2 protein chains.
Amino acid sequence: MTDSRDHEQRSLYRRVADDLRADIVAGNYGAGASLPSESELAARYDVSRGTVRQAFSALRAEGVIASRRGARRIVLSGPRLQSFTELLSFSRWARAVGEEPAGRVVSLERRDATALEREQLNIADGSRIYHLTRVRMLSGRPVMIERTAYPDRVGALVAGMDPDIESITERLAELGVLFTDAEHIIDAVPASTEDARLLDVRPRVPILRERRRSTDPSGTPVEWSEDRYLGDAVAFTVHNSVAANALSRQPGPGPSTKAR
Amino acid sequence: MTDSRDHEQRSLYRRVADDLRADIVAGNYGAGASLPSESELAARYDVSRGTVRQAFSALRAEGVIASRRGARRIVLSGPRLQSFTELLSFSRWARAVGEEPAGRVVSLERRDATALEREQLNIADGSRIYHLTRVRMLSGRPVMIERTAYPDRVGALVAGMDPDIESITERLAELGVLFTDAEHIIDAVPASTEDARLLDVRPRVPILRERRRSTDPSGTPVEWSEDRYLGDAVAFTVHNSVAANALSRQPGPGPSTKAR
DNA sequence: GAGTGGTCTAGACCACTTG
DNA sequence: AAGTGGTCTAGACCACTCT
């Protein structure tokens, strides 16, 4: 309570993992470099080997390192590290990559949920939701349209906020609404006429579309969003491996697929 | 050699994880359902609690389950499961989703690596590579263009294959070239005139572009590919969480960004 | 052959959820 | 209050890499 140090008194394995991650980001271990052995780290931190393995396991889940039996663990790609929160919050992300985020609320309304929204938010027929449309800007240029549906309980909190607040996600976290898991569907679509107007481009230019469902620790959906990025404004990167595969590829609605 | 059972004699925790995954896919545990406790599974399989936890850990890395302290683990999204191999091999993926894959080689050449290829494949100046361009089809309709650079050592194997072979990735695996990690960059671009010709669409239609670098267990790059999907033909889905975050968002080359 | 990571065991204590 | 997952320990044996 007296301390403002954010993550000092966490678990041992997090401390080890954080230290290693920091070393990698600092460039002390470049891509391909081999890391200290389990036994060496266990001795250095005076913890058991299991704890060191737990730390390595977390880094592997982040796609930072790879391992083979018999050889030391190695650093994979260079530092490409984004926290989960940075991924869900446009504002946090923009600041992290050195851009100045901004936003403009286009509309905020409470209305009956559509069939898709009911399915994605896992709510009953006739439920009402809050729907927010915002245009997000980087350095003054509009780059993304955010169309988000919140279940009634969460939406009420959003509606109560200053409409020009920079980060809704951060404010929700302060209010105790935690986002812990998210499922993203990423594809490419042409800009609609409304998209084109809001983003100040011509209709039909390529749009990178991200549909996202975020859930809290109990698996309850707290957000269903369709974000549309200008094709040349952002890219998503994903790391996967035999050990941790969080990526999949799905047939689209195009004329090629048999069932829609 | 005498057995055709693929994955029987693996580790204990894999057996537990495979069983749970199969149960989830079979629908025995729907989205949101809670799973058996660690102690129950430990008793059922006669293994230690640590082994059961290792199985759950693997499922969490796949984005299949979530957990909270004090409550049982729950199933997240319904069955959305694709093996890592299915992700790297168009053919395997197509068959898994019930489509008939096909392909046509447009060109295969050995030439000097470009600067980008040298960087991505981590090879020296003046190195030569093999470059393959293929059009991939689903049910007779072209949906994707694959432009892949292989380092000399791997490319020599590819060049020796029957050019009309269905899955190069599978053949390479048989020859001992293993893919264990991959980094994907996903964005949206307009179709070039060549893209349009190969895919039989008009220029400038939205294309979902996936650039991918695959590495073997030692971290050595074995493939650098740029795949271009027809916008309405496929979508990628990604799961991430506070615990395992393999996704990140990057500024694109557009006029919004300061650098470049 | 020495070192390293992969797997597994059997315990322990704690924080949290749930009835 | 009982049950459950989160963390940690101290051992063990094995498969593999490296030199």
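Keep in mind the model is a prediction, meaning the values are calculated, not measured.
In this structure, Tyr13(B) reaches the sugar-phosphate backbone alone: every heavy-atom distance under 4.0 Å involves primed, P, OP1 or OP2 atoms, never a base.
Under 4.0 angstrom from either OP1 or OP2 of dT7(C) there lies no side-chain N or O belonging to Arg53(B). The phosphate of dT7(D) (OP1 or OP2) has a side-chain N or O of Arg14(A) nearer than 4.0 angstrom. A sub-4.0 Å separation between OP1 or OP2 of dG6(D) and a side-chain N or O of Ser67(B) is present. Listed pair Arg73(A) / dG6(C) meets the phosphate criterion, a side-chain N or O lying under 4.0 Å from OP1 or OP2.
When the P atom of dT4(D) is taken as reference, atom CG of Leu41(B) falls 11 Å away, rounded to whole Å. Put simply, CD on Gln54(A) is 15 Å from C1' on dT7(C), counting in whole angstrom units. Rounded to an integer number of Å, the gap from Arg15(A) CZ to dT7(D) C1' is 16 Å. Atom CD in Glu38(B) sits about 6 Å away from atom P in dG6(D), given to the nearest Å. Nucleotide dC8(C) holds its P atom 13 Å from the OH atom of Tyr45(B), rounded to whole Å. When rounded to the nearest whole Å, the span between CZ of Arg60(A) and P of dG6(C) equals 7 Å.
Applying the ring-ring contact (aromatic ring centres under 6.0 Å, His included) rule to Trp224(B) yields no partners; only residues at least two apart in sequence or on another chain are considered. Phe236(B) meets the ring-ring contact (aromatic ring centres under 6.0 Å, His included) test with Tyr229(B); sequence neighbours excluded. Applying the salt bridge (charged side-chain N to carboxylate O under 4.0 Å, His left out) test to Asp23(A) and every residue at least two apart in sequence or in another chain returns nothing.
For the side-chain hydrogen bond (donor to acceptor under 3.5 Å, both in side chains) condition, the pairs that include at least one residue of residues 30-43 of chain B, sequence neighbours left out, are Ser37(B)-Ser39(B), Glu38(B)-Arg49(B), Glu38(B)-Arg53(B), Glu38(B)-Arg73(B), Glu40(B)-Arg44(B).
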Under a 4.0 Å heavy-atom criterion, the protein footprint on nucleotides 9-19 of chain C, written with B, S and -, is B--B--BBSS-
Side chains of residues 148-161 of chain A: which donor-acceptor partners sit under 3.5 Å, not counting sequence neighbours?
from      : atom 1 : to        : atom 2 : distance (Å)
Thr148(A) : OG1    : Ser225(A) : OG     : 2.9
Asp152(A) : OD1    : Arg110(A) : NE     : 2.9
Asp152(A) : OD1    : Arg110(A) : NH2    : 3.4
Asp152(A) : OD2    : Arg110(A) : NH2    : 2.9

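Of the candidate nucleotides dG5(D), dG5(C), dT7(C), dT7(C) has the atom nearest to the side chain of Ser11(B).
Checked by atom type, the side-chain pair Glu109(A)/His131(A) shows no donor-acceptor distance below 3.5 Å. A donor and an acceptor atom, one from each side chain of Ser248(A) and Thr237(B), are located under 3.5 Å apart.
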